[in-house]
Amino acid sequence: MDFLGAHSPDLLPGNRPLPPVQGAIEAPHGTTIVAATFPGGVVLAGDRRATMGNVIAQRDIEKVFPADEYSAVGIAGTAGLAVEMVKLFQLELEHFEKVEGAQLSLEGKANRLSTMIRSNLGMAMQGLAVVPLFAGFDRDRDKGRIFSYDVTGGRSEEHGFAATGSGSVFARSALKKLFQENFTENQAATAVVQALYDAADDDSATGGPDMARRIYPIVTVITEDGYRRLTEAEVSEIARAIHERRLVQPDGPRAALL
Amino acid sequence: MSTPFYVSPQQAMADRAEYARKGIARGRSVVVLQYTDGVVFVAENPSRALHKVSEIYDRIAFAAVGKYNEFENLRIGGVRYADLRGYTYDREDVTARGLANVYAQTLGTIFSSAAEKPYEVELIVAEVGNAPEDDQIYRLPHDGSIVDEHGSVAVGGSADQISTYLDQRHRDGMTLSEALKLAVESLSRDNNGGERTLTAEQLEVATLDRTRPQQRKFKRILGGQLSRLLDGHSDAGAEEPAADAEAGDGTAETGASDEGTTAKEAGDKKAGGKGTNGKGAAGKDDSDEESGPLL
């Protein structure tokens, strides 16, 4: 990124002159991302909807990307800027790995993302914010970790689970009631899809599983074996199981009162 | 006042070329061979940290001999060029041909500039395609020319001798293990016809493997895997991936053995799809029993 800044600064998101505008620009926004850890890894999932005001701009947008072999990033906020930020982030990690011959530490990656979000602050002030969720497997500590960000690039590590985006309030509440420390990989995947279902239930900008069009959330798993995106068949199985149960119990599983 | 002597341009260039050639000839050689699933790089290099062979981009790798600081410079330049290209346009648009051209320009400029000493390096840039016919190997000597090579290439100390040896013995459709053994044989021949033995610790080996499921096809072959490949009987043990399984099958069946290859290869470095699937399935069973709170 330093090289890019010196060599062709126009390619960097932060270096563009901003036109003065009144009010917010209408651009597609991505919505809800959730993550949860389980012993041995972490799952990161996102819904598939992009909205532009009250219009659904895209039904099948992909908002969760591998950052490198051991981490992934899910994006909420202005889709165009976010996708570019992820592209640059992926490039930086790969570039570092090739030049230095070693991967960045997970902390290093998280800090780097923080700087990139901060460089977008000008745009964010005009309503084009990008707020990602970063999850990865820390090979030094042998566990999955989640980092959440605010619009100014402030970074905080989340323990257990986290959510970002417009539906994050609902998703986080759902995960809070569902999350258990000793989840298996599949249970963790089910829990995040449940959380996305709840977010879609209460937030109009979040898309639920689209059974008719076979559009399901993107669920990714990062373990010591690396990044893996669940296949459509695997996710559809989880989504269908949840859907079946919700036909009987529309509000989802009930937690114990005490 | 001293007047500089007149030196004819021919003489000046010849001197510079000789200077560079001598520098290169002092180092150990690197050989690059095509095999059925890609391109294999073999270098004699006792160091674990200072690499002679490295990744440039998805399908492109780089090998060099000569002065370390000079080719390291060129390597980083190449990685920058490739990453910038790939970011500006698309990953598809980064090609070995483009990269080799940039290297040729750089080396040529340095070679003919009177102010600088010529680089004492010789490079190989290789790209793996979807089929063996699409593989590309370029050799870039110190003076900035480009040589488009096929099959096998050697650069470094006794490159001529090694090339002749390789040309006689290399054939299309070799397995990884066969190609690797041929490369090591060629490297272990002395200038005066004698033989040395090269152990796995003295070798740096990497492949560009078109069957690798990841986008980035470059992979170093290290430690145990390398020793197994070098011992290389076609039944060298169950863990041994690709090459040995194929040694028996011959090239006709590569299609069939590809799946096994990919899974096992992935298993080696990051235990890919298969292993995780198994785990996923196990997880599923668990969750079926106690899925109460989740569903």
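All of these numbers come straight from a predicted model, not from anything done at the bench. Here is the naming used below: chain letters follow the sequence lines, and residue numbers restart at 1 for every chain.
For the set B:Glu72, B:Glu55, B:His51, the entry with the most heavy-atom pairs within less than 4.5 Å of chain A is B:Glu55. Ranked by non-hydrogen atom pairs under 4.5 Å with chain B, the options A:Val99, A:Thr231, A:Val193 are led by A:Val99.
Residues meeting the side-chain contact (heavy atoms from CB on, under 4.5 Å) test with A:Val235, sequence neighbours left out: A:Tyr216, A:Pro217, A:Val219, A:Leu230. Applying the side-chain contact (heavy atoms from CB on, under 4.5 Å) rule to B:Asp93 yields the partners B:Tyr89, B:Asp90; only residues at least two apart in sequence or on another chain are considered.
Using cut-offs of 30° and 60° for the angle between ring planes, the A:Phe134 and A:Phe89 rings count as perpendicular.
For the 3.5 Å distance criterion, the side chains of A:Asn111 and A:Ser114 fail to qualify, holding no donor opposite an acceptor.
Interface residue B:Arg91: only side-chain heavy atoms are found under 4.5 Å from chain A.
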